[in-house]
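Here is the structure we will look at.
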Amino acid sequence: MTVPDERPLDPVVSTAAGPARGGSGEVPPEQPDETWPGEEFASPAAATTVLVDFNGTTGKHAFGARMFGAGTAAGPGALGRPRQAREGPIWQEESDLVRRTFVPPKGYLRARSMLARQLILLTGEAESGKRTLALHLLQDQYIEKVIALDPEEDLTTRRIQRDRGYLIDCAGADLLTGYTRDDLEAVRRRLVERDSVLVVTAVARAPVLALWAPWHVPCERPDPLQVLHSHLAHHLGRDWERRHLDLVDEDIAELVRADGGRPGRAAGIAGDLADLADGRFTRTQVLDALRDREHAAVEAWLRANPGRADWALMIAAAVFEGQDYGIVAERATALREALLARLPIAAGEPADGWPPRARTERLAVIDATSVAADATRGGAHYRLDVVGFNRPHWAAAVRAHVRDAYPDLRDAFVDWLATTPRYPPDVHRIAARAAGDFIAGGRGHRPLAPVLRWVREDEAKRAMVVPALRAAAQDAVVATQVRHLLTSWSRDATDSGLRLMAARAYPGLASVYPGRTMTELLRLARTGDRSVAAAARAGIVTLCRDGMRADSVLERVEGWEEAAAAAEVAAALVAEHADGELSTDERFLAVIRLAVRERDGYAVVARMFTTLLGNIRGDRRRAEVLRETFALLFRPGRGHGLDRLAYDLTRLAYEGLPNGEVIDIGVLEPAIDAFEEPTVPTNRGTNV
């Protein structure tokens, strides 16, 4: 990249009072949530604008939203596309979205009638809605559990479970032609025997179609306007047309039909129109953003503003949009210094830069504004100037263009993100996710090399490893390398820090390898290292929160020899379920009955029930569920290793919790009855 005839560079001065330049100023570790007086750093609770999607595809900002994270926005217009599992159970959020927004394409009735053959191949153009059609077909079969298979899996050796729906998405030609007709017929017979269905989607050619002819169904794109309407109903409610009569006009219809009317584009436009209906942008802004070729628009801006300071401010604002101007300006200064180290100084450019310009002028150059906001932290009040662009998608467009158009500077951008100060922590997390996005977008040779460097360097960079790997793993290609790296770390017997980072990073792989991710986390949850096991349990809870079935996890831990570890996992899952109903599951009770027989396992069970008893105050429903848990647990009596538990729970009923809180004795009545039951007489002889 060359930068012709630049103006003198602006030494950007941070408005923050603390020493934040270049990543040198940090809050002491013992005060992670405190800020220095007068500092204008934005906290998560104070970020009043903009959400950034670090997958670089659907990022947008919305004035008024109070959340800043990895692609999940508050409000109907900011809903992103759910994660799609490549291997493992399909996330419930994706199934729900398909159920709410499905539009039948031409030939849908024929595809549904083909389900009677149990094996189907859906073919069509790229991005024609094949996956959505496949999921809906499986839903039509009243199949509750759909499992995505790895496209490289050998179907001839695959174990087929009963009453399951299987999906192979985007299968390659090598996979499809690697079977004989007899192989496919054998797979179909196994599916019929177990009352299961397999749907394969692919962009296929003639040899594939000839081999799969008995099970082949061509897939056409649905009407894009119908897709638009269904997603608008999802965002705005079924009565959106009555409340927004002029939302979809001829201009919008033309944009929806462009590029062949891809369903994904229609769904994205629906999200933009939801933003418009919500009052976040004007119609002109939305139409301009939809008509823009974003890469070309960003390139045009970079050509028109060749100064390194302008580039640095634009890129820093694109990454840290929604943060205080002081944060953006400080990060722009650090980026400008990184660019100066990589690029030659233009002729006539002073080394010390030009005099600083007014804030409003600098923001006007990048077409952004700052919105005043108040924040309170530690009892002190702060005034923030939160930066946001004046056009939709602009932050995501800038990030994507810089990543794709300037591969020679990609390492410089990643290194710049790695120097972000650790405090405030939300800014550091944003930088780590952005670095992971750069790594995933770049792919190339050894994409994880920066992460390996951070592990060997200072703690600030080491702290970026986990969120960066989670973000990088969202790319299906890079996810394979992330999986191999985490597997190596999790088995490292010499460095517990690497095992801990692996346990914390594994949940990021769940969008591509959910089944293998759960297996690895369960293995780490059994380790003797307490911090690693705790991180693994937290990851298991995260996966269950995102769609994994908690009862299936309990079924797997029920047979563990390490009773304490099994009880810890069960306790974590029960604590996550606010309704408490998981505690009445027979698998959970089986884990408890085994755990109480060991000293360490009993300590976990006692601590868990003490916590559950402390959380039922004023919650009648939860108290009833916990009483039912005790009734089921002590149904055989106080035997089976439950003698001590019955005694301790009875003592709690009369003495109260350690904090002095009194417990409703009715909840513990089953334990009291088990404790007070008569002892069974023995058959031993007596002396007369």
Side-chain angles (χ1 to χ4, degrees), residues 490-500 502-504 506 518-544 550-577 580 582-615 626 629-630 632-653 655 657-659 663 668 670-671 674-675:
S490 66
R491 288 168 169 76
D492 192 309
T494 61
D495 191 341
S496 62
L498 293 179
R499 296 196 299 273
L500 180 59
R504 290 175 175 171
Y506 258 122
M518 179 62 79
T519 299
E520 288 297 320
L521 286 174
L522 287 171
R523 184 180 63 81
L524 289 172
R526 304 170 72 172
T527 183
D529 190 322
R530 291 182 177 274
S531 59
V532 174
R537 291 194 299 270
I540 292 169
V541 170
T542 299
L543 294 191
C544 291
D551 55 356
S552 65
V553 177
L554 291 173
E555 185 177 6
R556 296 177 68 174
V557 305
E558 182 182 349
W560 284 5
E561 294 180 1
E562 303 88 345
E568 290 278 14
V569 173
L573 293 176
V574 168
E576 172 65 19
H577 285 68
L582 187 63
S583 63
T584 61
D585 190 284
E586 184 55 39
R587 300 175 184 87
F588 168 76
L589 298 175
V591 172
I592 299 306
R593 292 189 184 105
L594 289 175
V596 295
R597 301 182 183 185
E598 295 185 6
R599 183 182 65 179
D600 294 339
Y602 182 84
V604 175
V605 173
R607 185 169 61 249
M608 175 191 65
F609 280 130
T610 302
T611 302
L612 292 176
L613 288 168
N615 292 335
L626 190 55
T629 300
F630 291 132
L632 294 172
L633 184 62
F634 291 102
R635 178 177 294 169
R638 69 174 186 241
H640 307 277
L642 297 171
D643 305 69
R644 181 181 175 187
L645 183 62
Y647 168 75
D648 285 341
L649 291 176
T650 301
R651 184 167 54 83
L652 285 178
E655 298 179 3
L657 294 173
N659 62 2
I663 306 173
L668 292 171
F675 172 70

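- Val591 is not listed as a side-chain neighbour of Val569, based on a closest heavy-atom distance of 4.5 Å or more.
- In this structure, Phe634 and Pro670 approach most closely via the heavy-atom pair CB-O, 4.2 Å.
- Between Leu632 and Thr584, the shortest heavy-atom distance links the atoms CD1-O, 3.7 Å.
- Arg587 places none of its side-chain heavy atoms less than 4.5 Å from the side chain of Arg556.
- For the atom pair CD1 of Ile592 and CZ of Arg597, the computed distance is 12.5 Å after rounding to the nearest 0.5 Å.
- Between Phe630 and Phe609, the angle of the ring planes lies from 30° to 60°, which puts this pair in the tilted group.
- Considering every non-hydrogen atom in both Asp492 and Arg499, the closest pair reads O-NH1, 2.6 Å.
- The heavy-atom pair separating Val605 from Ala595 by the smallest distance is CG2-CB, 3.8 Å.
- The heavy-atom pair separating Glu561 from Arg526 by the smallest distance is N-NH2, 4.2 Å.
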Start with the C-alpha distance between Val553 and Leu543, add both sets of side-chain angles, then the distance that settles side-chain contact (heavy atoms from CB on, under 4.5 Å), and finish with yes or no.
-> CA-CA 10 Å; Val553 177; Leu543 294 191; over 6 Å; no
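- A distance of 13.0 Å separates CG of Leu521 from CZ of Arg504, quoted to the nearest 0.5 Å.
- Thr610 has its side chain out of reach of Asp648: every pair of non-hydrogen atoms, C-beta onward, lies at least 4.5 Å apart.
- With contacts defined as side-chain heavy-atom distances shorter than 4.5 Å, the pair Leu573/Phe588 does not qualify.
- Leu612 has its side chain out of reach of Thr629: every pair of non-hydrogen atoms, C-beta onward, lies at least 4.5 Å apart.
- Proximity of Glu558 to Glu586: side-chain heavy atoms (C-beta onward) are nowhere separated by under 4.5 Å.
- Summarising the geometry of Val557 relative to Ala566, their closest heavy-atom pair is O-CB, 3.5 Å, with the distance given to 0.1 Å.
- Inter-residue side-chain proximity for Glu576 and Cys544 is flagged as unmet; no heavy-atom pair is nearer than 4.5 Å.
- Distance alone, capped at 3.5 Å, is enough to place a donor-acceptor pair between the Tyr602 side chain and the Arg644 backbone.
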Run the numbers on Arg530 and Glu568 for side-chain contact (heavy atoms from CB on, under 4.5 Å), then give the verdict.
-> CA-CA 11 Å; Arg530 291 182 177 274; Glu568 290 278 14; 5.5 Å; no
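- In this structure, Leu589 CG and Ser583 OG are separated by 7.5 Å, a value rounded to the nearest 0.5 Å.
- Between Trp560 and Leu522, the closest side-chain pair of non-hydrogen atoms falls below 4.5 Å.
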